[in-house]
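Every number for a ligand or one of its atoms is a count from 1 in the order of the listing.
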Amino acid sequence: MSDCLFCKIVAGEIPATVVAESDSSLAFYDIAPQAPVHVLVIPKEHFASVNDVTDANEYVFDNLMSLVRTVVVDEGIKDSGYRLVFNTGEHGQQTVPHLHAHVLGGRKLTWPPG
Ligand code: 5GP
Ligand code: ZN
């Protein structure tokens, strides 16, 4: 997807502060952090949202979660706790149409979300 922001980050065409990487996934700091730790974990392959992952390509979540596990250890939030968020579609207020997990932590987060 040549016009996709996160595909451009994967391609190195837009800079990002990468914190972890695997063959299939990339983790980098969110440009507008909402918590002391705010990392985005994305598949390198383009999927528009959670809705594009089906039984046929569930490996995408396996690979993504593998990198999330690395990130929460490296960022020191595994034991204190954290939140994983997949904003999806209009009601989910998704703004970048490339599948991504927000990893939020480093403070006690409020619930419910707005
Ligand atoms: P969404 O709103 O789709 O769930 O999340 C998109 C996230 O991407 C937002 O938290 C936003 O701050 C972040 N973001 C948007 N543009 C950039 C960028 O160019 N670089 C980085 N690192 N994060 C971005
Ligand atoms: Zn993309």
Side-chain angles (χ1 to χ4, degrees):
M1 286 282 288
S2 57
D3 60 345
C4 170
L5 176 65
F6 287 175
C7 282
K8 286 181 179 167
I9 287 178
V10 170
E13 294 167 12
I14 291 177
T17 306
V18 172
V19 295
E21 183 171 8
S22 67
D23 286 350
S24 59
S25 306
L26 188 69
F28 53 92
Y29 287 125
D30 195 293
I31 205 169
Q34 301 301 311
V37 176
H38 189 172
V39 175
L40 300 173
V41 184
I42 70 170
K44 291 182 178 176
E45 188 181 352
H46 181 86
F47 293 88
S49 80
V50 168
N51 288 339
D52 278 13
V53 183
T54 66
D55 290 351
N57 50 27
E58 265 181 345
Y59 64 89
V60 172
F61 283 130
D62 289 345
N63 293 339
L64 205 66
M65 286 307 299
S66 178
L67 198 58
V68 166
R69 284 193 287 277
T70 299
V71 166
V72 299
V73 171
D74 290 354
E75 294 293 321
I77 58 172
K78 180 180 179 182
D79 294 330
S80 52
Y82 51 90
R83 188 171 293 162
L84 303 181
V85 177
F86 288 90
N87 291 330
T88 304
E90 185 189 349
H91 284 188
Q93 297 258 33
Q94 182 180 3
T95 60
V96 177
H98 180 126
L99 176 64
H100 51 282
H102 294 260
V103 181
L104 296 150
R107 67 171 169 84
K108 193 159 190 174
L109 301 164
T110 57
W111 189 265

Determine yes or no for a side-chain-to-main-chain donor-acceptor pair under 3.5 angstrom, with [X] supplying the side chain and [Y] the backbone.
| X | Y | value |
| --- | --- | --- |
| Q94 | A48 | yes |
| K78 | R69 | no |
| H98 | P43 | yes |

Please state whether H100 comes within less than 4.0 angstrom of ligand 1, counting heavy atoms only.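 Flag set, H100 near ligand 1.
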Residue-ligand contact F86/ligand 1, heavy atom below 4.0 Å: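 The answer is no, since F86 has no heavy atom less than 4.0 Å from ligand 1.
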Is V85 touching ligand 1 with its side chain, its backbone, both, or neither, if touching means heavy atoms under 4.0 Å apart?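 Neither; no heavy atom under 4.0 Å.
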Any nitrogen or oxygen of H38 lying under 3.5 Å from a nitrogen or oxygen in ligand 1? Just yes or no.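 Looking only at distances, the answer is no, because the N/O contact criterion of under 3.5 Å is not met.
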Of all N/O/S atoms in H98, which lies nearest to the Zn ion (ligand 2)?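 Relative to the Zn ion (ligand 2), the closest nitrogen, oxygen or sulfur of H98 carries the name ND1.
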Restricting to N, O or S, what is the name of the atom of H46 that lies nearest the Zn ion (ligand 2)?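 The atom in question is ND1.
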Which atoms of ligand 1 are found less than 4.0 Å from any heavy atom of [X]?
| X | value |
| --- | --- |
| Q94 | 3 (O) |
| F6 | 8 (O) |
| H102 | 1 (P), 4 (O), 5 (O), 7 (C), 10 (O) |
| Q93 | 2 (O) |

Quick one, R83 and W111 - any side-chain contact, counting heavy atoms below 4.5 Å?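 Sidechains of W111 and R83: in contact.
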Under 6.0 Å between ring centres, would you say that holds for H100 and H102?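 Centroid separation for H100 and H102: below 6.0 Å.
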So that I know where these two stand, are F47 and F61 an aromatic pair - ring centroids less than 6.0 Å apart?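 Centroid distance F47-F61: not below 6.0 Å, so no.
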I'd like to know whether CD of E13 has more than 12 heavy-atom contacts from other residues, nucleotides or ligands below 6.0 angstrom.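 Counting neighbours around CD of E13, more than 12 heavy atoms of other residues, nucleotides or ligands fall under 6.0 Å, so yes.
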If you count heavy atoms of other groups shown closer than 6.0 angstrom to CG of D23, is the number above 12?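 No - once you tally the heavy atoms of other residues, nucleotides and ligands closer than 6.0 Å, there are 12 at most.
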To check your reading of the model: name the closest protein heavy atom to [atom], its residue, and the distance in Å.
| atom | answer |
| --- | --- |
| atom 22 (N) of ligand 1 | Y29 O, 2.9 Å |
| atom 16 (N) of ligand 1 | L5 CD2, 3.3 Å |
| atom 7 (C) of ligand 1 | D30 OD2, 3.4 Å |
| atom 3 (O) of ligand 1 | T95 N, 2.7 Å |
| atom 24 (C) of ligand 1 | I31 CG2, 3.4 Å |

Shortest non-hydrogen contact between I77 and G106, atoms and distance: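 That closest heavy-atom pairing would be CG2-N, 3.8 Å.
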If every non-hydrogen atom of H38 is compared with every non-hydrogen atom of A32, which pair is closest and at what distance?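 Reported closest heavy-atom pair: ND1-O, 3.9 Å.
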